[in-house]
Amino acid sequence: MSWIWQAVSNGETVFHGPNVGCFRLLFGLSLLIKCGVEWRRGHHRFFDPENYIGLLYATRRSHGKWLNHYVWRSAFFIRFLSSFSIFLGWSVTVAAGMLSVALIVECIGFSKYHAQFMLLCSVSLIFSESASRAFSIGTFYRSQGWTDFLAQSAGARERVIVPLLACLPLMAMYLFSGLHKCRRPFLSGQIAALALTISEREAANRKGIDSTLPPRLRGALITDGGVPRVALQMMMHCVVAVELLLPVGFLFELSLIPAVVAGFALHCAFTAFLPTTLLHFSLACISTYVLFFNPLVVAGVFQ
Amino acid sequence: MFADIHRVEFDIFRFDAEGRRVEINPWDYLPHTYFHMSLSEAKIFLVFLQTHCEVNASGKIDVWTNSGKRTYMVRDNVVDLAGS
């Protein structure tokens, strides 16, 4: 069994290691990328009076008119500030709490899978002891040189509940996503081929955002008529197999490295399809992988 | 997010002051991540074009689901539900 399940079964409540610090750093980076992309694409204006998303929300919810453009813009601003704070490791508990509230607002107004996953990750950071110490700006200023900084970060004390709260949603997400995809339209590659074909048709209108694959890759996956090739069908089978096996792979020490490699490859493939949309989500998922590694091994890397 | 397909392709236009046909790009009004759209959301989008953007849209929309495609005609921002 990997260390986290052993710690839980042994009734341990704390451990020493930089895992949560590394997770926080990568997760903070994914949050900042999300804020940057969404600012550039005008997400902060979604609930302005002239916007479609605000109208869609108003037609769906007869009550709950509290979500207006002031609340939406404030939540966006809070999300940016708390993301920056989490990335730097400054007052992480408060920042994670503020981020959770802002992500709840986002999930109510314009729900996305990545926002829900990031919400669960940010909730886990509320309970963290080491997130404000390991690889944080405060530790950097207090330490005497790089060696001391890395040593302090590597030996930070942390609660077991924190990695557990971040890892369980990831495993559940893979499992249920894999089960949901075990259907003929997905496995035959029809859905992916159709999505690619429509995206290509819309490429000019979408101003090139996440619209096209390199021609050679596209040609290897679908025919000119939009019919999925064998390579795409095999890829879809691999996606389902990997998503179903990842939660099992994360359970055991022996299968951890292959699971991490397979998960990394999976997210690289997803991101290749929709880079602007999925980069921050993939990075957030991959940042969670570091929590599965034994803290002693991770600490050894930095000492 | 890749498990299902719920997409709407818009082929809609409006007429300008001189009576010339002008294509409407829905992505000028939609978020760049708005891949999944149902028929009811498309109807609300057409109402939004009329009420908030003062755009009078006509043409057709293709609604894609896992079970296939249905095409609906659009006239003055109203979807004719007798789709093909």
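Atom set for the values below is all heavy atoms of this structure, side chains included, hydrogens, waters and symmetry mates excluded. Computed from a prediction, not measured in an experiment: that's the story for all the values here. Letters go in sequence order (proteins before strands), and every chain restarts at 1.
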### Query
So, for A/Ala195 and B/Arg7, which heavy atoms are closest and what is the spacing to 0.1 Å?
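In this case the closest contact between A/Ala195 and B/Arg7 is O-NH1, 3.6 Å.
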### Message
So which atom in B/Trp27 and which in A/Asn205 form the shortest heavy-atom distance, rounded to 0.1 Å?
### Response
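Shortest heavy-atom separation between B/Trp27 and A/Asn205 comes out as CB-O, 3.6 Å.
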#### Entry: Flag if over 12 foreign heavy atoms under 6.0 Å of CG, B/Asp28
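Yes.
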### Query
Does atom CZ of A/Arg201 have more than 12 heavy-atom neighbours, drawn from other residues, nucleotides or ligands, at distances under 6.0 Å?
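Count over threshold, so yes.
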#### Entry: Interface residues of residues 8-16 of chain B facing chain A - non-hydrogen atoms under 4.5 Å apart
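Expected list: B/Val8, B/Glu9.
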### Query
Heavy atoms under 4.5 Å from chain A: which residues of residues 40-52 of chain B carry them?
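From residues 40-52 of chain B, the residues near chain A are B/Glu41, B/Ile44, B/Phe45, B/Phe48, B/His52.
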Part of [X] lying under 4.5 Å from any heavy atom of chain B:
{"X": "A/Phe46", "answer": "side chain"}
{"X": "A/Arg45", "answer": "neither"}
{"X": "A/His114", "answer": "neither"}

### Choice from A/Val240, A/Thr276, A/Asn51, A/Val37 maximising heavy atom contacts with chain B below 4.5 Å
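Of the candidates given, the most pairs with chain B belong to A/Asn51.
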### Task
Name the option with the most non-hydrogen atom pairs under 4.5 Å to chain B; the candidates are A/Glu38, A/Gln190, A/His180.
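With the most close heavy-atom pairs to chain B, the winner is A/His180.
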### Within-4.5 Å side-chain heavy-atom neighbours: B/Pro31 and A/Lys112
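Result no, sub-4.5 Å side-chain heavy-atom pair not found.
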### Task
Could I get the full list of side chain to side chain donor-acceptor pair (under 3.5 Å) partners for A/Thr197, not counting sequence neighbours?
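Testing A/Thr197 for side chain to side chain donor-acceptor pair (under 3.5 Å), a comparison that skips the adjacent residues, returns none.
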### Task
Report the residues that fulfil side chain to side chain donor-acceptor pair (under 3.5 Å) with B/Ser58, sequence neighbours left out, ordered by chain and then residue number.
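Applying side chain to side chain donor-acceptor pair (under 3.5 Å) to B/Ser58 gives none.
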### Message
To the closest 0.5 Å, what do you measure between CH2 (B/Trp64) and CG (A/Leu194)?
### Response
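These two atoms lie 5.0 Å from each other.
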